[in-house]
Every structure is written in C-alpha cells, then in structure tokens.
Amino acid sequence: MPELPEVETVCRGLAPAMVGAVIDGVERRRENLRFPFPDNFVARLSGRRIEGLARRAKYLLADLDDGTVLVMHLGMSGSFRIETSEGASTPGVFVHPRGPAGTHDHVVFHLSNGTAIVYNDPRRFGFMDLIPRASLGEHPLFAGIGIEPLGNELNGEALSRLFAGKAAPLKAALLDQRLVAGLGNIYVCESLHRAHLSPRRKAGTISPKKGGSPRAALLAQVIRDVLEEAVAAGGSSLRDHRQTDGTLGYFQHTFRVYDREGEPCLNPGCGSIVRRIVQSGRSTFYCSTCQK
DNA sequence: AGTAGAACCTGAGCGC
DNA sequence: TGCGCTCAGGTTCTAC
C-alpha cells in the first residue's frame, strides 16, 4: 500500500493528534508483526511524551522525550486511524468499512489528549522498533539508505552518479531503496511514463556522460512532480488504503499507466496500448511507443 | 552484477 | 455458494 506519498499523508494526519501528547498506555495485541516487537515495547513507551513526528523514506519516526525514536513501517497493508474518546460517531473518526470491528488492529496507542491511535495491518508486513535517536543513522534500517526524493539531493546529477554503470533496468534501479529511498511500484511506473523513459532501459544509460544529462534531469524532475502531486492529493487509495481520518486519497484517479493494462496510453496523439510486464517479480505498466 | 523465485501474510476478484 | 487460482502498495533471502 504505502509508498512515500501515502506515508507522508499519514504523517501529516497523525501529527496534530500525536505531537505533544503523552502515551498513557499501549495495547499490543500480538507478539509480532513482520518481526517481533522489541523487548519491553509497552513499558518503554508508556509515560513517554511524543516530541515530534517525521517521515524518512517510507518510515514514520516518532521522537520520544527519552531520546529514543519509535520507528514504524507500514509494509504493504498497514494503516493508522485516529479514534476520539467520543467514539465512532464523531466526525473525522474512521469507521472500518468491513469485517468484524478490530480485525487486524494490532497496536493501539492511548494518548493523554483522549485520542487512540490504532495501527491496522491485515498482511502484517509492517513492523515497529525502538532505536536511540543518537544511533539512528548507523542502524541497519537506515545505514546505506538512499537519498530522499523530496529533499534537495535529488537532481539530474545525483541520479546520473547513482545509476552510473548500472546494467539493471531503470525500473529496478528506481525501486532500489539504497539509491533513492521512498519510491514504490506505482510511482516508479508513473514517473517513467512521464519522463518517456522505458522501464527496461539500462539504468546507466540515462546519462552517458559524466555530470548529468537532460534525460537524468527530466527524470529527477518528474519524480519530484509525481510525488508532490500525490502528496497534495492525499496519496492513492488502492484497495483499502485510507487517510488517518478515513477519507480516501484521490491520486489514483490521475494514474496514467499503473493498473491500466490494455487501455490506451493517455499521452496526446499516442493511443497505443499500455502493456504489463514483470520485472524483478513486480508488475510494470508502460507504453512501448512513448517510452524509449 | 543481475535476476528469478520464494518467503513473510491476508484478502479481493475472477472463472468455473 | 464455493472452490481454486492469481494478484496486490514492501522487503529480504537464496540460488543460479
């Protein structure tokens, strides 16, 4: 489910409820998600004040007042919702659309402001960890992670440098979190279509010369554009993904290729059929006429 | 160096 | 109504 824009949307939705609040208690309803919870998870969180909430790549980072960071990854199907003490009839409170209430609600943070932050994750590919702020950068999760696509580091020169000499397809290189951190299957497909670049092209060929190229600069720019537009739209709502207040993101209405196999390419004057291929075990959608 | 495949899970959608 | 199959936003491992 969540790529960078979805995690950013979740972060912005949770921040008003979480930042400044004290964690009065935590319900941890199972022993593990993708990984076991860290030792003494509940005890280490209880009584802590949340000083900030941020996103890095696809991770949510909650800064606690004891110098640790609560790290959260949503996997494929994780989502948060905010519940107030007034209950489900309160405007803005997410009511799960189907299934028995509470199914797949694995963690609940009870906050001093009366709200409960509920983590739901049917497939349980998400995980949570507690890491000292001072050593976050050296932690295996973050050491060697790639550049932030919405930060200042992403430009044509950076892409050229990162992809130089790589024989892997552009699609695989863009999905590699060690190079650029935060892109997922949807936004890679969309970005490559906008940049008119084939997902099958060798990554090293976007910039045959050192120091960048118009092609690399264009790719960097469309990645930023696509991500920023998706964040502005509140993310995509594939299947059961929703924002923290239960409303649907609507960026999926602007997909140009993703999940459009067999439908016409939307580039003006093209009209070729969008194709689906499999790369690195993932579906790739693209227009073989427009993307070279 | 790359890639294919499998693994971790549940649920939706489809053909029959 | 239900069975069996494929697919799904992520990541990480093994085996060629």
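Per chain, numbering begins at 1; letters A, B, ... match sequence-line order.
Residues from residues 124-133 of chain A that place a heavy atom under 4.0 Å from any atom of DNA chain B, listed by number: A:R124, A:F125. Residues from residues 165-179 of chain A lying near DNA chain B, meaning a heavy-atom separation below 4.0 Å, are A:K166, A:A167, A:A168, A:P169 in numerical order.
Panel note: side chain A:D121, backbone A:G126; a donor-acceptor pair is recorded below 3.5 Å. Using modelled atom types, one side-chain atom of A:S213 and one backbone atom of A:A216 make a donor-acceptor pair closer than 3.5 Å. Remark: the backbone N or O of A:E51 is not paired with any side-chain donor or acceptor of A:D63 at under 3.5 angstrom. Between the A:N267 side chain and the A:C290 main chain, no donor and acceptor come within less than 3.5 Å of each other.
Evaluation of the ring pair (Phe, Tyr, Trp, His ring centres under 6.0 Å) rule for A:Y286 yields no partner, not counting sequence neighbours. Under the side chain to side chain contact (heavy atoms under 4.5 Å, CB included) criterion, A:T205 pairs with A:R201, A:K202, not counting sequence neighbours. For the side chain to side chain contact (heavy atoms under 4.5 Å, CB included) test, residues two or more places apart in sequence or in another chain that qualify with A:S272 are A:C270, A:C287, A:T289. Considering only residues two or more places apart in sequence or on other chains, A:F109 meets the ring pair (Phe, Tyr, Trp, His ring centres under 6.0 Å) condition with none of them. For A:R49, there are no side chain to side chain donor-acceptor pair (under 3.5 Å) partners two or more places apart in sequence or in a different chain. Legend: residues meeting side chain to side chain contact (heavy atoms under 4.5 Å, CB included) with A:E148, ordered by chain and number and at least two apart, are A:L4, A:R55, A:R56, A:E153. Checked against side chain to side chain contact (heavy atoms under 4.5 Å, CB included), A:A164 has no partners two or more places apart in sequence or in another chain.
One can place CZ of A:R123 at 10 Å from P of C:dA8, the figure rounded to the nearest angstrom. When the P atom of C:dG9 is taken as reference, atom CZ of A:F255 falls 10 Å away, rounded to whole Å. Straight-line distance from the CG atom of A:L74 to the P atom of C:dA8: 20 Å, rounded to whole Å. Summarising the geometry, the separation between CG on A:L33 and P on B:dT10 is reported as 12 Å, rounded to the nearest angstrom. Distance, A:F163 CZ to B:dG2 C1': 15 Å, rounded to whole Å. With rounding to whole Å, A:R30 atom CZ is found 12 Å from B:dC8 atom C1'. Atoms CE (A:M72) and P (C:dG10) sit 19 Å apart, rounded to a whole Å. Rounded to whole Å, atom C1' of C:dG9 lies 6 Å from atom CE of A:M76.
Using a 4.0 Å cut-off, no side-chain N or O of A:S77 falls inside it from OP1 or OP2 of C:dA8. Residue A:K202 has no polar side-chain atom (N or O) positioned under 4.0 Å from OP1 or OP2 of B:dG2. A close approach under 4.0 Å does not occur between any side-chain nitrogen or oxygen of A:H104 and OP1 or OP2 of B:dC9. For C:dT11, one of the phosphate oxygens OP1 or OP2 lies less than 4.0 angstrom from a side-chain nitrogen or oxygen of A:H73. At C:dG9, one or more side-chain N or O atoms of A:R282 fall inside 4.0 Å of OP1 or OP2 (strictly under the cut-off).
With side-chain heavy atoms closer than 4.5 Å counting as contact, directly or through intermediates, the hydrophobic cluster containing A:F127 also holds A:F35, A:Y59, A:L61, A:V69, A:V71, A:I131, A:L136, A:L141, A:F142, A:I145.
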As a quick check of understanding, evaluate side-chain contact (heavy atoms from CB on, under 4.5 Å) for A:L159 and A:I206, giving each step before the final call.
CA-CA 9 Å; A:L159 275 188; A:I206 63 164; 4.3 Å; yes

Strand DNA chain B as a dot-bracket string - pairs counted if Watson-Crick or G-U with both distances under 3.5 Å, | where the partner lies in another strand:
.|||||||.|||||||

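A:G281 comes within 4.0 angstrom of no nucleic acid atom, judged by non-hydrogen atoms across all strands.
Looking at the side chain of A:I186, the nearest of the listed nucleotides C:dG9, B:dT10, C:dC7 is C:dG9.
Between A:R12 and A:E8 there is a salt bridge, with a side-chain nitrogen of the basic residue lying less than 4.0 Å from a carboxylate oxygen of the acidic one.
Using atom P as the reference point in both B:dA6 and C:dC5, the two lie 15 Å apart (nearest Å). Here the separation of B:dG5 from C:dT6, taken at their P atoms, is 13 Å to the nearest Å.
Note that the CD1 atom of A:I186 and the OG atom of A:S283 stand 11.5 Å from one another [nearest 0.5 Å].
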Contacts under 3.5 Å, N or O only, protein and nucleotides 12-16 of chain C:
from, atom 1, to, atom 2, distance (Å)
C:dT12, O4', A:R34, NH2, 3.3

